[in-house]
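The next block holds one structure in the form of C-alpha cells; read it before the comments.
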Amino acid sequence: MGETRKYKVTILSRSFSACSNEPLELLNRYFEVNLQRNDLPEDTRRIARLIGDSDGIITGSDVVDRYVMDHCPNLKMISKHGVGLDSIDLELAKERGIKVTTTPNANNESVADLTLLLMLNILRQLRRNEIHCDTPDWTSKSLANDLYEKTVALIGFGNIGQAVAHRLQGFSCKLLIYDPCVEPGAFAQEDAVACSFEEALRHADIISLHLPLTEKTQKMINRDTISLMKPEAVLINTSRGGIVDEDALYEALVSRRIRAAGLDVYAQEPPVGNRLLVLDNVVATPHIATHTQESNYRMGVAAARNLIDFFSAYEKERN
C-alpha cells in the first residue's frame, strides 16, 4: 500500500505506542489516524462514538460487540494490541467480514517473567517480609519455601506456557503439562510430563494458568477443581480472570483449603470491590504482565503492521 490517507484508523488502546513513537509514526505514514485512548473499555456507546466512520481500529481491552459493529458501518479491521479476544464478538465479526488480528509472540517473555515473579513472591513471602526504612524489622515472620525442585502444573502450553517452562528449568522444577491442543510428544523439556487436568491439579505445588478465555475454559477453576488441589498449592493466573470462579477461590483462600494465589487478571476489570484483594494470602497486580517497554514496542509495531498488511491486500482486491 502506498503512502495514502484514504483509510481512517482509530486507536483505542491506552498503551499503544507508549514507550516509542515508532508504531504511531508507522501508522501516520499510511492512514488518517484518530488517537482516542479509551479509558472506559466496557462503555460500548462511547467506543462506537470514538470509532465513528473509521475503517480500522487498534483495541486494548475495549469491548467490540454488536452495538459497536452496528454503529460503525465502515469497520473492516480490528487489530488487537495484545492476544486476548474475549472482548470482541468474533462470530459476528466473521459474519460481517471484519478481519480480527492479534500480536502473538510479542508479549510471551514479559508474561512469563511476571508469572515467575508471582511464584517467587508467594513462596519467599516477599510481601510479608518486606522491610520499611522508617521502622526496619529484621525478624523473619516465618520460614519461606524454595521454588527449586517444586512440581509446577502448566495449564495451557502455548507460547507463554512454554516460555514459563523454559524459565522453570533453571529451578529444576518438575513440570506437569495439561493442554488438549498439544500432542504429548511435543514437549521438549526434559522434565515435562503430559497428564490430565485432574492429575495436574492433584500433584502440583503450583498451578499456573496459560489459556484463552472460551466457553470451555470459563470458570474451569471452581469449587470442584480446587477440591483436587493440595492444601499447600499455589494458584497463579496471568491469563484471563474469567477462567477462575472468584467466589470459589475466595472461599478456598479464606478457609486455607489452598495456600495462596498470585493474580494479574480478574473477572471484572478494574476489580473494584473484589474481595480477593484484601486477603493476606493473595499477591495481586493490576493486569500488568505485558506492561514492559520491550513488550509494548513489539505489540505496537505488530498491531500497526497488521493494519498495513490488511489494507494493502484489501486495496489490491478492490483494484
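The structure displayed is predicted, hence computed values, not measured ones.
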* **Test: R96 and D70 ion pair at under 4.0 Å** => yes

* What pair of heavy atoms forms the shortest contact from P23 to S17, and how long is it? -> CD-OG, 3.6 Å

* Asked: Does L12 belong to the same Ile/Leu/Val/Met/Phe/Trp/Tyr cluster as V64, with side-chain heavy atoms less than 4.5 Å apart forming each link?
  -> yes

* **Gap separating the CG atom of L235 from the CG atom of L253, nearest 0.5 angstrom** => 8.0 Å

* Are L209 and V244 side-chain neighbours, meaning at least one heavy-atom pair lies under 4.5 Å? -> yes

* For C173, the option from L147, T151, I206 that meets side chain to side chain contact (heavy atoms under 4.5 Å, CB included) -> L147

* To do: Examine distances only and state if a side-chain atom of T285 and a backbone atom of H287 form a donor-acceptor pair shorter than 3.5 Å.
  => no

* Asked: For D205, which of K230, K150, R259 qualifies under salt bridge (charged side-chain N to carboxylate O under 4.0 Å, His left out)?
  -> K230

* Begin with the C-alpha distance, continue with both residues' side-chain angles, and end with the deciding distance and a verdict on side-chain hydrogen bond (donor to acceptor under 3.5 Å, both in side chains) for R124 and N145. => CA-CA 6 Å; R124 296 308 303 266; N145 294 101; over 6 Å; no

* Asked: With a 4.0 Å cut-off, would you call K174 and E149 a salt bridge?
  -> no

* Assess the side chains of T238 and D264: does a donor N or O sit below 3.5 Å from an acceptor N or O? => no

* **Beyond-backbone contact of I155 with D179, side-chain heavy atoms, under 4.5 angstrom** => no

* Determine whether H210 and V164 make a side-chain contact, defined as any pair of heavy atoms from C-beta on separated by less than 4.5 Å. => yes

* To do: Treating Ile, Leu, Val, Met, Phe, Trp and Tyr as nodes and any side-chain heavy-atom pair under 4.5 angstrom as an edge, say whether V63 and I98 lie in one connected cluster.
  => no

* pair S227-R223: side-chain heavy atoms closer than 4.5 Å -> no

* Is it the case that T290 and S110 place a side-chain donor and acceptor less than 3.5 Å from each other? -> no

* Over all heavy atoms of both residues, which pair between A204 and A153 is shortest? Give the atoms and the distance, please. => CB-CB, 3.5 Å

* Heavy-atom closest pair, residues A252 and I226 -> CB-CG2, 3.6 Å

* Using a strict 4.0 Å threshold on nitrogen-to-oxygen distance, state whether K99 and D309 make a salt bridge. => no

* **Qualifying residue, where the test is salt bridge (charged side-chain N to carboxylate O under 4.0 Å, His left out) with D55 and the options are K6, K76, K8** => K76

* Asked: Within a radius of less than 6.0 Å around CD of E269, do more than 12 heavy atoms belonging to other residues, nucleotides or ligands occur?
  -> yes

* Atom CG of L90 and atom CD1 of I78: how far apart are they, to the nearest 0.5 Å? -> 8.0 Å

* **Working for salt bridge (charged side-chain N to carboxylate O under 4.0 Å, His left out), residues D62 and R37** => CA-CA 10 Å; D62 311 276; R37 300 196 188 279; over 6 Å; no

* Taking the side chain as every heavy atom from C-beta outward, state whether K80 and T101 have any pair of such atoms under 4.5 Å apart. => no

* To do: Measure from the side-chain N and O atoms of S295 to the backbone N and O of H291, and report whether any donor-acceptor pair falls under 3.5 Å.
  => no

* To do: Find the distance between CG (L85) and OG (S87) and round it off to the nearest 0.5 Å.
  => 7.0 Å

* Is E42 atom CD crowded by more than 12 heavy atoms from other residues, nucleotides or ligands, each under 6.0 Å away? -> no

* Would you say the side-chain atoms of Y297 and E22 include a donor-acceptor pair closer than 3.5 Å? -> yes

* Step by step, would you call S312 with E315 a side-chain hydrogen bond (donor to acceptor under 3.5 Å, both in side chains)? -> CA-CA 5 Å; S312 177; E315 189 69 15; over 6 Å; no

* Hey, does the side chain of R257 reach the backbone of M229 with a donor-acceptor pair shorter than 3.5 angstrom? -> yes

* **Within 6.0 Å of NZ in K219, more than 12 heavy atoms from elsewhere** => no

* Structure fact -> CD (Q162) and NE2 (H166) are apart, to the nearest 0.5 Å, by 11.5 Å

* If only atom types and distance count, is the side chain of T103 paired as donor or acceptor with the main-chain N or O of A106 below 3.5 Å? -> no

* **Shared hydrophobic cluster for L126 and L117 (ILVMFWY, side-chain gaps under 4.5 Å)** => no

* Kindly say whether T214 contributes a backbone atom to a donor-acceptor pair with the side chain of T217 at under 3.5 angstrom? => yes

* Would you confirm whether N306, through its side chain, and T102, through its main-chain N or O, come within 3.5 Å as a donor-acceptor pair? => yes

* Asked: Are L307 and Y30 close enough that some pair of their side-chain heavy atoms sits under 4.5 Å apart?
  -> no

* **Gap separating the OG1 atom of T10 from the CD1 atom of I51, nearest 0.5 angstrom** => 6.5 Å

* Could you tell me how the ring of Y314 sits relative to the ring of F311: parallel (under 30°), tilted (30 to 60°) or perpendicular (over 60°)? => perpendicular

* Structure fact -> Separation between CD (E215) and CG (D86), nearest 0.5 Å, reads 12.5 Å

* What residue among L211, L154, N105, N107 forms side chain to side chain contact (heavy atoms under 4.5 Å, CB included) with I160? -> N107

* hydrophobic_cluster_shared for V83 and L114, side chain cutoff 4.5 Å -> no

* Step by step, work out the salt bridge (charged side-chain N to carboxylate O under 4.0 Å, His left out) result for D89 and R66. => CA-CA 7 Å; D89 189 333; R66 181 176 295 275; 5.4 Å; no

* Is there side-chain contact between L116 and M119, with at least one heavy-atom pair below 4.5 Å? -> yes

* Structure fact -> Heavy atoms of R127 and N121 approach each other most closely as N-OD1, 3.5 Å

* Could you tell me whether the side chains of E246 and N274 share a donor-acceptor contact shorter than 3.5 Å? => yes

* Working for ring-ring contact (aromatic ring centres under 6.0 Å, His included), residues Y178 and F197 -> CA-CA 6 Å; Y178 169 71; F197 182 49; 5.4 Å; yes

* **Cation-aromatic face contact R45/Y67, 6.0 Å, 45 degrees** => yes

* Could you check if a side-chain atom of N296 sits within less than 4.5 angstrom of a side-chain atom of H81, using non-hydrogen atoms only? => yes

* Asked: Between E109 and R167, is the closest basic N to carboxylate O distance under 4.0 Å?
  -> yes

* Asked: Shortest non-hydrogen contact from N74 to D53?
  -> ND2-O, 3.0 Å

* Worked verdict on S239 versus N237 for side-chain hydrogen bond (donor to acceptor under 3.5 Å, both in side chains) -> CA-CA 6 Å; S239 53; N237 189 8; 2.7 Å; yes

* Atom of S61, atom of R14 and distance for their closest heavy-atom approach -> OG-NH2, 3.7 Å

* Is I57 reachable from Y7 through a run of I, L, V, M, F, W or Y residues, each pair having side-chain heavy atoms under 4.5 Å apart? -> no

* Begin from the C-alpha positions of T225 and N222 and carry the test side-chain hydrogen bond (donor to acceptor under 3.5 Å, both in side chains) through to its verdict. => CA-CA 5 Å; T225 53; N222 51 51; 3.3 Å; yes

